[in-house]
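Shown next, in structure tokens, is the structure this report addresses.
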Number of protein chains: 2
Amino acid sequence: MIITISREYGAGGHSIGKKVAEALGIEIYDKDIVRETVASSGLEEQLVKKEEEERSTAENIWRIISSYSGPTYNDTQDEIHELQKAIILKFAKKGPCVVIGRCADVILKEAGFETLNVFIYADDVHCAMRASEMNDMKNATELKKLMDKKNASRQAYYHHYTGKKWGDARNYDLALNSGTLGYDQCVKMIVDAYNNAQ
Amino acid sequence: MIITISREYGAGGHSIGKKVAEALGIEIYDKDIVRETVASSGLEEQLVKKEEEERSTAENIWRIISSYSGPTYNDTQDEIHELQKAIILKFAKKGPCVVIGRCADVILKEAGFETLNVFIYADDVHCAMRASEMNDMKNATELKKLMDKKNASRQAYYHHYTGKKWGDARNYDLALNSGTLGYDQCVKMIVDAYNNAQ
């Protein structure tokens with residue numbers, strides 16, 4: 001069984017995923033996926049990161065308002081997504097693991113893998129404290145802008161490649177508020193659900 | 001701390017809530033709220049149930065499409081909601097309990113209570129099996145109609161009285177897929193989260 005973690009920016013999804021992987025003694029894949037994509041495609045890392053994460057907020061807002069789900073992504077973006085998909089499937093075939101982000105929940109389920117799909121989120125205050133720490137950023141306006149941009153980007157990416165609504169509880173097996181429950185409790189619950197499903 | 005449970009029709013939210021209340025030795029409130037509303041208001045039980053649960057699908061579809069959140073409910077419905085709100089608050093003041101549905105998550109949070117807000121959902125197959133059993137109904141078309149109607153009604157009710165999107169993970173502390181996790185695992189996780197928060 002593969003654990004996938006989707007997460008709001010600053011909600012601690014990566015830290016929680018890492019602790020889950022440690023507790024279960026299994027692999028975790030996140031930025032490594034990007035790196036391997038780059039290595040196997042010859043594209044520059046900067047390009048991949050830019051295409052993936054930093055589409056303009058204006059474009060995202062327009063997409064959300066118009067609910068347009070057609071092919072607005074360019075060929076490079078689609079190519080990167082296809083490469084990442086192949087790499088995620090390759091990793092999953094190796095055995096149980098944790099995969100962070102990148103629509104892994106839908107990719108793996110469609111490919112017939114047993115998955116435990118988790119969504120991690122928190123209120124703005126918790127996310128802001130964490131994002132401020134990660135980016136060493138104290139300016140609230142800048143921080144709010146960064147958080148909104150990251151979340152809008154993840155939401156648009158997920159919607160574009162899966163046709164589903166990011167953050168709708170019904171896409172996941174388990175959706176946890178890391179702000180109110182605490183990281184350790186989230187880790188415990190995911191490990192518990194994983195062990196129970198074996 | 002009060003546990004509130006919102007749930008899709010057929011996802012077993014009531015059964016899970018009941019087991020949670022038993023495990024923790026605390027009260028559970030669901031249909032009792034309706035009954036007490038009726039008793040203290042003098043309204044007929046049939047009327048309350050009708051007003052609450054069975055608004056026409058056409059009306060709900062219109063409301064969802066237009067995203068209109070204005071005062072479309074009539075005075076009787078608003079009165080019933082206000083009565084239920086007062087009764088939920090009265091119950092909550094007595095001590096820890098489980099409250100099923102009726103926007104209790106938002107009502108109690110706004111009143112300053114500590115809450116653990118849970119959403120229980122499941123895929124259509126699990127919900128259909130459960131709903132079929134509850135209603136002794138074998139006709140798939142009828143069953144699908146009933147499930148859609150119940151869910152549309154709950155969604156519209158929640159949106160009307162809270163302004164929030166029913167089923168969006170971010171409204172809850174914990175959102176659990178009872179179909180994939182199983183009822184017992186859901187009970188365990190809610191009890192766990194409750195004990196951890198004390």
Side-chain angles (χ1 to χ4, degrees), chain A residues 1 3-11 13 64-65 67 105 109 113-127 151 154-155 158 164-198, chain B residues 1 3-11 13 64-65 67 105 109 113-127 151 154-155 158 164-198:
Chain A
M1 176 173 269
I3 298 171
T4 74
I5 297 185
S6 309
R7 72 290 182 225
E8 281 192 323
Y9 188 69
I64 293 156
I65 288 170
S67 288
D105 50 339
K109 202 165 239 175
F113 282 92
E114 288 282 310
T115 56
L116 179 73
N117 295 328
V118 182
F119 185 68
I120 304 281
Y121 52 97
D123 55 85
D124 278 354
V125 177
H126 278 93
C127 289
N151 284 330
R154 287 176 185 183
Q155 180 171 338
Y158 188 78
K164 295 184 173 196
K165 221 181 266 170
W166 189 72
D168 188 309
R170 286 156 286 196
N171 297 334
Y172 313 97
D173 298 304
L174 202 57
L176 304 172
N177 184 335
S178 63
T180 55
L181 297 170
Y183 288 15
D184 289 344
Q185 182 65 21
C186 291
V187 172
K188 190 172 175 294
M189 289 175 126
I190 298 167
V191 168
D192 231 48
Y194 178 89
N195 285 333
N196 187 61
Q198 295 300 301
Chain B
M1 176 175 271
I3 298 172
T4 74
I5 297 185
S6 309
R7 74 290 182 223
E8 282 191 323
Y9 187 70
I64 291 156
I65 288 170
S67 286
D105 51 340
K109 203 165 238 178
F113 282 92
E114 289 282 310
T115 56
L116 179 73
N117 295 329
V118 181
F119 185 67
I120 304 281
Y121 52 97
D123 55 85
D124 278 355
V125 177
H126 278 93
C127 289
N151 284 330
R154 286 177 185 182
Q155 180 171 339
Y158 189 78
K164 294 183 176 198
K165 219 181 268 172
W166 190 70
D168 188 310
R170 287 157 284 197
N171 297 334
Y172 313 97
D173 298 304
L174 203 56
L176 304 172
N177 183 333
S178 63
T180 56
L181 298 169
Y183 288 15
D184 289 345
Q185 182 64 19
C186 290
V187 172
K188 190 171 172 294
M189 290 175 123
I190 298 167
V191 168
D192 231 47
Y194 178 89
N195 285 332
N196 188 60
Q198 296 300 303

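Order of the sequence lines sets the chain letters (A, B, ...), proteins ahead of strands, with each chain counted from 1. When reading the values below, keep in mind they use all heavy atoms of this one structure, side chains included, and skip hydrogens, waters and symmetry mates.
For A197(A), no part lies near chain B; criterion is any non-hydrogen pair under 4.5 Å.
The aromatic rings of W166(A) and F119(A) sit perpendicular to each other, their planes meeting at more than 60°, with 30° as the lower class boundary.
Only one option out of I190(B), T4(B), N196(B) pairs with L116(B) in a side-chain contact (heavy atoms from CB on, under 4.5 Å); it is I190(B).
Chosen from A193(B), A122(B), A175(B), the residue pairing most often with chain A at heavy-atom distances under 4.5 Å is A175(B). Contact count against chain A (heavy-atom pairs under 4.5 Å) is highest for N177(B) among N177(B), L176(B), N171(B). The residue among R170(A), E8(A), M189(A), K165(A) with the most heavy atom pairs within less than 4.5 Å of chain B is R170(A). Between chain A and the residues N117(B), D173(B), L174(B), D123(B), the largest count of heavy-atom pairs under 4.5 Å involves D173(B). Most heavy-atom pairs under 4.5 Å with chain B: of the set G167(A), C186(A), G182(A), this distinction falls to G167(A).
No donor-acceptor pair closer than 3.5 Å links the side chain of Y172(B) to the backbone N or O of I120(B).
Between R7(A) and V118(A) the shortest side-chain heavy-atom distance does not fall below 4.5 Å.
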request  = I would like to know whether Q185(A) and D192(B) meet side-chain contact (heavy atoms from CB on, under 4.5 Å); could you show each step before the answer?
outcome  = CA-CA 9 Å; Q185(A) 182 65 21; D192(B) 231 47; 3.6 Å; yes

